[in-house]
Amino acid sequence: MTYLSDSIIEWYEKYGRKKLPWKSIEPNPFHIWVSEIMLQQTQVTTVVPYFQKFIARFPNIHTLAIAREDEVMSLWSGLGYYARARNLHKTSKIIEKQFNGFFPTSFHDLISLPGIGRSTAGAIMSLAYNQSYAILDGNVKRVLARFHQVSRPGSETKYESSLWDLANKHLPNKENDKYTQAIMDLGATICKRSKPDCDICPLKTKCQSFHFNTQDAYPMPAKKIRIRKMNKTFIVFRNREKIYLEKRTLNDIWGGLWSFMETEDKKNIQAIIKDFDRNSKIVKKLEPFIHKLSHREIKINTVIVETSKNTDNFFALNEINFGLPKPVAQIIEHLKLER
DNA sequence: AATTCGGGGCT
DNA sequence: AGCCCAGAATT
């Protein structure tokens, strides 16, 4: 099958996005890898400023591999899905040690690395090395689901599998790098989720959804996830200009970032405070606010506690340079303004 | 096979 | 207010 790839590549020559910051005349595998990880479940416009700051600080694998994890997390702060950053760092060390600092060039080696799955490995093989591998991101899924009117059976696995088959079937026999970029660009700029610009789409003469006017029905919607609502109380221990922070464990949200002590049960607040410092007391409560995640909705309460303790985990507001969850960063900004 | 993991853009 | 985004790892 070459109609689809030929048409898309031809379209890309005229209308594709060729100036994204991770693109260069000579492909840079390190840049492509970092961008692919940042772009997982994250839109291009969100990623661009993070990518530029990240590359300015870590221009190559070596600088990343020898960095402190806290600094890596700091540059990821606000981007979300923090396991991506931890895996990125972990993988840079693996490449330094096990691959002698050379970025892997085979699909087998790439997919063995933390944070690199089938689609990301395919993207690197294609975009960095012009090898014939498919990707299956949200853009490609949408284009293929519409082009073929792919239905979503009971089994999600079968649906994914049939899309992968189509993605492989449509691979061109040359210019795979250009094709991969092209089909993503088409999905992002023409074959959009809502109001696709079918009239100027290079695939319209053979697109099933255009023919039957079913663009809104494809891709068929995924199963709805239910959003868990929960409460959290952040306990901000403050000693003059310094506040207490601790590093979060990896098996929860915001893993590896620094945060306040917290509880989900308000009845525990007094006990936690007295356990920390029996002479401390609550001096203030901030206005509660809702922090929304894609799978949770957290009502965040904040209590400020004055303490005279001053351990290693106390930091001046202006010297905090590691990763912070969004709501924690918000609260710290608020505290700075009060000064 | 289903759930978990962020935060933001767009409608 | 709800859905989706250059998905992968874990349960």
Side-chain angles (χ1 to χ4, degrees), chain A residues 17 20-23 31-51 73 76-88 90-91 110-128 133-143 145 153-161 163-164 167 177 180-189 191-196 216 219-228 248-257 290-298 323-330:
Chain A
R17 299 178 293 186
L20 297 169
W22 41 88
K23 297 198 75 64
H31 288 186
I32 291 171
W33 169 51
V34 172
S35 72
E36 285 300 325
I37 302 301
M38 285 189 170
L39 287 160
Q40 289 169 3
Q41 298 299 99
T42 310
Q43 297 188 167
V44 170
T45 53
T46 304
V47 165
V48 169
Y50 282 89
F51 176 83
M73 300 312 289
W76 209 273
S77 192
L79 199 53
Y81 284 155
Y82 298 97
R84 295 183 296 174
R86 300 196 304 269
N87 284 333
L88 196 74
K90 195 186 300 178
T91 288
L110 286 171
I111 204 168
S112 76
L113 296 167
I116 300 183
R118 185 175 177 183
S119 188
T120 300
I124 296 172
M125 288 306 291
S126 173
L127 297 172
Y133 285 87
I135 64 165
L136 194 60
D137 69 337
N139 291 309
V140 177
K141 284 181 184 175
R142 191 166 53 255
V143 171
S155 161
E156 190 68 12
T157 306
K158 281 186 181 175
Y159 176 65
E160 293 278 322
S161 158
L163 287 174
W164 270 113
D177 49 356
T180 296
Q181 187 60 49
I183 192 170
M184 286 192 288
D185 287 5
L186 186 81
T189 64
C191 196
K192 298 173 294 184
R193 182 160 65 90
S194 74
K195 298 182 186 171
D216 290 342
M220 289 182 170
K223 198 180 75 178
K224 264 182 254 180
I225 60 148
R226 68 180 179 79
I227 295 175
R228 269 167 52 203
R248 299 180 64 89
T249 57
L250 303 184
N251 51 5
D252 191 10
I253 57 171
W254 305 318
L257 303 189
I290 307 285
H291 184 73
K292 293 182 177 178
L293 286 64
S294 49
H295 57 305
R296 296 191 202 182
E297 200 171 298
I298 311 173
L324 303 170
K326 190 74 198 306
V328 173
Q330 276 176 239

Determine whether A:Arg296 and A:His291 make a side-chain contact, defined as any pair of heavy atoms from C-beta on separated by less than 4.5 Å.
-> no
Boundaries of the DNA chain C segment in contact with chain A, non-hydrogen, under 4.0 Å = C:dC3 to C:dA9
Evaluate the side-chain proximity of A:Val47 to A:Ser35: yes if any heavy-atom separation is below 4.5 Å, no if none is.
-> no
Mark yes or no for whether A:Arg84, through its side chain, and A:Met38, through its backbone, hold a donor-acceptor pair below 3.5 Å.
-> yes
Got a sec: does the NZ of A:Lys158 have more than 12 other heavy atoms crowding it under 6.0 Å?
-> no
Pick the P atom in C:dA6 and in B:dT3, then give their distance to the nearest Å.
-> 24 Å
Under 4.0 Å between any heavy atoms, over every strand shown, what does A:Arg226 touch: base, sugar-phosphate, or nothing? Just pick one.
-> nothing
What string of B, S and - do you get for nucleotides 4-11 of chain B, 5' to 3', when a contact is any protein heavy atom under 4.0 Å?
-> SBBBBB-S
Mind checking A:Trp76 for me? I need base, sugar-phosphate or nothing, with any heavy atom below 4.0 Å counting as a touch.
-> nothing
Close side-chain approach of A:Ile253 to A:Ile298, heavy-atom, < 4.5 Å = yes
Euclidean distance for P, C:dT11 against B:dG6 (whole angstrom) | 14 Å
Find which nucleotide of DNA chain C each of A:Ala188 and A:Ile116 is nearest to by heavy atoms, and output the residue with the more 5' nucleotide.
-> A:Ala188
At under 4.0 Å between heavy atoms, what does A:Val44 touch on the DNA or RNA strands: base, sugar-phosphate, or nothing?
-> base
Heavy atoms under 4.0 Å, any strand shown: does A:Glu297 hit a base, just sugar-phosphate, or nothing?
-> nothing
Is any side-chain heavy atom of A:Trp33 less than 4.5 Å from a side-chain heavy atom of A:Leu127?
-> no
With sequence neighbours left out, what residues match A:Tyr133 under ring-ring contact (aromatic ring centres under 6.0 Å, His included)?
-> A:Phe107
Between the main-chain N or O of A:Thr189 and the side-chain N or O of A:Arg17, is there a donor-acceptor pair closer than 3.5 Å?
-> no
